[in-house]
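Since we're looking at a predicted model, the values are computed, not measured. By convention in this document, chain letters (A, B, ...) are assigned in the order of the sequence lines, proteins followed by strands, and residues within each chain are numbered from 1.
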Amino acid sequence: MQNKLITQENLKALVNELAASNDVFAPKRENENTVSFGKINSFDEYVPGVLLTNTTVKDKVYLQSEQLFQYELKKDTVEFKEKAPGKEAVIFGGRPCDARGFDVIDKLFNWSGYEDGPYTGGRKNTTIITVSCEKPELTCFCTSFAGGSPADGKGSDILLTPVSGKFLAEVLTERGEKLAAKYSKYFTDASDAETAAKAEFAKAAETKITKKLDLAAVKKNLDSSFDSPYWDTVHLPCVKCGACTYVCPTCYCFDITEKKFGYLNGERNRTWDSCMSEMFTKMAGGHNPRTDTKRRFRQRFMHKFRYHVDNFKEELCTGCGRCIRRCPVGIDIRKVVEEAK
Amino acid sequence: MEKEMQEIAKKLLAEKKVDWVIGYENSFEPGASRPVFINKPEDAVKLVFNKSCVNNLSVYLPKVKKQKAAVIAKGCDLRSVREIIKEHQILRENVVIIGVACEGVDSSKCATCRENKLDGADFTVGAVKDLGRKEDLSDIEKFEKLSSSEKEAFWNKEFERCIRCYACRNVCPVCYCPDCFANRLMPEYLNKVVNTAENKVFQQIRMQHVFGRCTDCRACEEACPVGIKLSLLTKKMSKDAKKLFNYESGKDTDSRPPLSTFKVDEEGIVEIM
Amino acid sequence: MSNIYIPHKARIASIKQETADIKSFQFELLDSEVRKNFKWKSGQFLILSVFGVGEATFTFANPQTRAEYVECSIKKTGLVTEALHDLEVGDIVALRGPYGNWFPFEKFKGQNLLFVGGGIGIAAIRSPIEYSLDTRNDFKDITILYGGRSPLDICYFDKFDEWQGKKANLVLTADKGSEGWKHKVGFVPAVLKEMKPSRDNCTVITCGPPIMIKFVLKELTDLGFAPEQIVTTLEMKMKCGLGKCGRCNIQQLYVCKDGPVFDYAEIKKLPDEF
Ligand SMILES: Cc1cc2nc3c(=O)[nH]c(=O)nc-3n(C[C@H](O)[C@H](O)[C@H](O)COP(=O)(O)OP(=O)(O)OC[C@H]3O[C@@H](n4cnc5c(N)ncnc54)[C@H](O)[C@@H]3O)c2cc1C
Ligand code: SF4
Ligand code: SF4
Ligand code: SF4
Ligand code: SF4
Ligand code: SF4
Ligand code: FES
């Protein structure tokens with residue numbers, strides 16, 4: 001689709017109109033120092049300037065806890081009830097690294113010959129309108145990844161980039177086209193000059209990124225460092241909570257558990273899980289292949305920059321920097337993988 | 001001050017008095033720091049101390065149990081060190097305490113700090129000043145006056161955000177149980193499902209477990225990735241421990257925490273029946 | 001878009017107490033369509049639901065050649081397995097699968113087969129044992145070495161006559177014997193050493209506790225077996241069985257998807273994280 005243009009006022013009107021009939025999730029203030037993706041009822045609740053919301057937007061599609069089905073035991077059988085599909089939703093005001101996270105985990109939820117319905121159902125129901133970043137933070141390193149940029153549209157349905165006081169709207173998918181067509185009154189066609197201005201914007205933003213990883217070197221380091229004494233000490237400051245994995249747009253691990261309502265009925269749920277937790281791999285009888293904290297720490301970095309690359313030819317990371325910012329002890333994933341040897 | 005701290009650390013490591021020095025180093029942005037473990041004398045130059053040194057490093061001490069460690073401690077952190085010595089999580093002789101004279105870091109607790117004295121430290125870096133700050137319980141008193149439904153509404157809104165990352169537990173110096181109730185399957189105290197109700201159960205049980213042991217160090221609140229106001233709870237607990245049992249955790253290394261003793265008549269508690 | 005976590009309904013058709021803590025279950029799938037299409041191969045596993053408690057992973061104990069029921073032999077070790085041991089014939093459970101890879105029997109054709117099992121590991125090799133007996137002409141000698149801690153810990157006494165009738169050489173051992181025990185006494189690896197199996201044209205399929213496997217591998221290596229001749233199954237904690245929940249990995253391999261069957265040559269390349 002041809003690139004569109006939308007003014008500030010029209011964007012506001014569009015978001016308000018969307019919020020009237022859909023669930024619209026956008027960066028929203030929770031308290032004086034917390035901004036997370038929350039349901040907004042009007043554009044005014046949206047907090048535009050924030051790059052790094054406290055938590056990831058992932059949970060708006062891949063819920064932290066999600067009912068897989070309910071069961072009810074009957075005489076000689078059991079009945080299952082699946083929850084009704086959710087409302088159409090819009091994620092507005094996320095950043096390229098947030099949206100790209102979906103693109104990364106989409107592949108996981110579709111591999112191994114099984115499509116994960118509970119995930120892909122939500123994904124198909126959600127339109128993602130992303131805003132390019134003008135001033136990347138010191139924790140941002142999206143340009144390390146193939147195609148990664150503060151103005152990259154991968155995983156987004158529509159990408160908005162500020163140009164000359166308005167937004168250039170790149171409509172990138174069928175879902176995006178559907179939305180742009182439905183609300184065409186708010187959009188005008190963009191000129192070539194405006195499209196060119198976006199390229200300028202991207203270039204300027206990219207130069208503000210202070211850290212770029214050499215991913216080939218990182219992969220090589222990790223390939224050979226599994227048994228290295230490096231891991232004996234580098235993990236020591238880490239307290240093995242799960243903050244880094246739960247705020248990450250690409251961590252996908254989960255647990256499946258049961259909740260009983262009564263003797264005969266209950267529900268099966270899945271909930272995010274974290275390789276940092278001791279329980280993650282602990283088996284009945286107490287055997288745990290990753291008992292010591294060093295092994296759990298190593299797993300996270302190895303998975304993201306080595307194993308996942310072996311399996312999917314891309315890193316399990318979009319460079320959002322959230323795990324760095326939210327880690328209570330400031331573990332910097334860039335430093336950990338770069339210095340592994 | 002940093003220089004002095006580095007020299008002490010270097011000497012301790014060079015003389016093999018300790019295996020580790022646990023302190024702060026610069027992190028990813030100007031003025032920010034993070035915990036660091038140092039085991040080579042030449043790395044002691046990495047040590048820094050500034051307003052960003054909020055972390056309570058005493059949490060690491062039980063984890064290096066079998067080795068000797070020196071720890072950089074602010075006055076408030078020292079309380080935690082004393083508390084875990086009292087609870088037999090570490091042996092005093094295995095720990096070298098390098099106290100730093102602190103005039104406040106970027107933490108909510110510092111405005112009312114009266115804890116910057118360094119009694120019991122093996123080394124002190126800098127000169128401790130009387131900061132002239134006063135206790136201020138007005139926020140707690142204000143909260144206490146709310147009705148139960150207002151309180152409930154407040155906490156529901158806070159714990160709706162909780163992602164059960166357990167950072168609050170894992171950074172807490174007195175939350176060291178190897179077999180935390182939150183991990184137990186038999187019996188299952190806590191369902192794995194993350195929702196407001198379960199999240200509140202988690203924090204309620206945790207708070208009960210740290211009552212009278214919590215030093216209101218705020219490590220949990222600082223760590224929480226979603227900014228939950230845990231200090232309202234920890235400050236209230238300190239206040240109540242003082243009022244009900246005339247007990248201040250972390251003040252010394254030999255008194256008994258109030259919930260591990262029993263008296264038929266507790267002076268601070270009025271029985272209604 | 002399908003919900004791959006909804007299991008197939010099943011009824012417990014029979015329960016047999018094998019030892020103090022192991023029971024064998026036969027499950028009958030309720031839906032006749034599902035029953036017709038539910039096909040597995042020796043080595044694969046399923047995930048069983050006990051309602052009110054949760055899911056747990058078990059190997060198919062019976063082979064595809066005896067697929068009237070789905071059979072599992074299950075040791076009581078934790079939440080789900082304890083609840084399962086409390087169930088009765090007729091109770092409703094559910095299962096999903098089959099998942100994972102299988103024993104590559106096409107590669108073993110024309111060879112001697114040696115099965116070495118210990119403890120609950122026998123559940124995982126009963127299926128390939130019976131499969132090879134049902135396709136007996138494809139193989140030369142079939143030898144089974146099976147050991148338990150004591151005679152009371154041995155499962156499948158009711159199957160041994162049939163196995164031997166189909167010309168399998170069965171060697172039983174107990175770590176500690178007892179009165180009336182006419183078989184061997186000693187640890188599985190020690191008995192294996194004594195048996196001195198020839199490595200020529202032979203494949204070994206082994207399952208058991210990690211410590212047994214470790215010493216069985218040592219004995220086999222001493223006997224000149226090449227790593228490629230030894231096949232085993234690995235066990236990791238599993239939740240999804242689908243390569244998605246992320247916990248059963250050893251490096252880039254997911255045991256639920258790339259395993260659970262591996263040969264020793266592959267295992268040797270992996271770090272000690274299982
Ligand atoms: C491929 C495979 C085949 C298996 N086949 C058999 C078999 O034929 N017979 C048998 O008795 N046992 C078998 N096991 C082991 C069996 O899965 C565990 O004993 C069982 O899951 C324990 O569950 P629990 O709820 O009773 O224990 P708990 O300790 O209460 O388990 C808690 C949770 O952890 C998971 N879990 C715990 N231990 C294991 C484990 N070892 N493997 C996988 N998940 C685990 C369970 O799914 C459960 O949800 C097999 C394991 C695997 C991986
Ligand atoms: S790296 Fe940080 S956030 Fe992650 S587990 Fe360790 S301490 Fe927690
Ligand atoms: S690993 Fe860290 S930087 Fe990478 S995507 Fe996850 S949270 Fe962002
Ligand atoms: S294994 Fe760890 S790092 Fe990898 S996706 Fe799972 S939680 Fe994230
Ligand atoms: S740190 Fe915050 S989000 Fe994490 S478990 Fe504790 S209260 Fe919940
Ligand atoms: S304030 Fe929080 S972290 Fe500090 S002792 Fe109390 S409960 Fe633990
Ligand atoms: S069991 Fe979930 S990835 Fe293997």
Determine yes or no for a side-chain-to-main-chain donor-acceptor pair under 3.5 angstrom, with N311(A) supplying the side chain and H308(A) the backbone.
no
Side chain, backbone, both or neither: which part of R247(C) has a heavy atom under 4.5 Å from chain A?
both
Please work out which of the three classes, parallel, tilted or perpendicular, describes the rings of H303(A) and Y307(A), given edges at 30° and 60°.
tilted
Has the side chain of Q44(C) got a donor or acceptor atom that lies under 3.5 Å from a matching backbone atom of K41(C)?
yes
Proximal component of R268(A), with respect to chain C [non-hydrogen, under 4.5 Å]
side chain
Has N125(A) got a side-chain atom pairing as donor or acceptor with G86(A)'s backbone, closer than 3.5 angstrom?
yes
Side chain from CB out, backbone as N, CA, C, O: work out which of these in D255(A) comes under 4.5 Å of a heavy atom of chain C, or both, or neither.
both
Which portion of L73(A) sits near chain C, non-hydrogen atoms under 4.5 angstrom:
side chain
R123(A) versus chain C, the contacting section by heavy-atom distance below 4.5 Å:
neither
Who in residues 252-264 of chain C is close to chain A, using a strict under-4.5 Å heavy-atom cut-off?
Q252(C), Y254(C), K257(C)
Is T81(C) close to chain A through its backbone or its side chain, or both, or neither, when contacts mean heavy atoms under 4.5 Å?
neither
Identified side chain to side chain contact (heavy atoms under 4.5 Å, CB included) partner of F297(A) from the options M302(A), R290(A), H235(A):
H235(A)
With a 4.5 angstrom heavy-atom cut-off, which part of F226(A) approaches chain C: side chain, backbone, both or neither?
side chain
I would like to know whether Y156(C) and I122(C) meet side-chain contact (heavy atoms from CB on, under 4.5 Å); could you show each step before the answer?
CA-CA 9 Å; Y156(C) 300 148; I122(C) 192 66; 3.8 Å; yes
Aromatic rings W40(C) and F60(C): how do their planes relate, parallel, tilted or perpendicular, breaks at 30° and 60°?
parallel
Answer with yes or no whether the side chains of K304(A) and T250(A) bring together a donor and an acceptor at under 3.5 Å.
yes
Of the backbone (N, CA, C, O) and the side chain (C-beta and beyond), which part of F280(A) lies under 4.5 Å from a heavy atom of chain C, both, or neither?
both
In terms of heavy-atom proximity below 4.5 Å to chain A, should P210(C) be classed as side chain, backbone, both, or neither?
neither
With only heavy atoms counted, which part of I6(C) is less than 4.5 Å from chain A, the side chain, the backbone, both or neither?
both
N110(A) portion near chain C, given a 4.5 angstrom heavy-atom threshold
backbone
Can you tell which part of W111(A) gets under 4.5 Å to a heavy atom of chain C, answering side chain, backbone, both or neither?
both
Heavy-atom pair count under 4.5 Å with chain A, highest-scoring of A56(C), G78(C), G90(C), G52(C)
G52(C)
T173(A) and D157(A): CA distance, side-chain angles, deciding distance, side-chain hydrogen bond (donor to acceptor under 3.5 Å, both in side chains) verdict
CA-CA 5 Å; T173(A) 64; D157(A) 298 303; 2.6 Å; yes
For each of D227(A), T291(A), V78(A), D310(A), tally heavy-atom pairs with chain C at distances under 4.5 Å, and name the one with the top tally.
V78(A)
Hey, is the main chain of Y114(A) close enough, under 3.5 Å, to the side chain of K244(C) for a donor-acceptor pair?
yes
Apply ring-ring contact (aromatic ring centres under 6.0 Å, His included) to residues Y71(A) and F80(A) and explain how you reach the verdict.
CA-CA 5 Å; Y71(A) 69 85; F80(A) 298 127; 7.7 Å; no
Check: T77(A) main-chain N/O paired with K9(C) side-chain donor or acceptor under 3.5 Å:
no
Option in K259(A), H287(A), Q299(A) with maximal non-hydrogen atom pairs under 4.5 Å from chain C:
Q299(A)
Check for a donor-acceptor pair, side chain of S225(A) on one end and backbone N or O of A340(A) on the other, with a separation under 3.5 Å.
no
What part of E267(A) lies closer than 4.5 angstrom to a heavy atom of chain C: side chain, backbone, both or neither?
neither
Short question: side chain of T206(C), backbone of V116(C) - any donor-acceptor pair under 3.5 Å?
yes
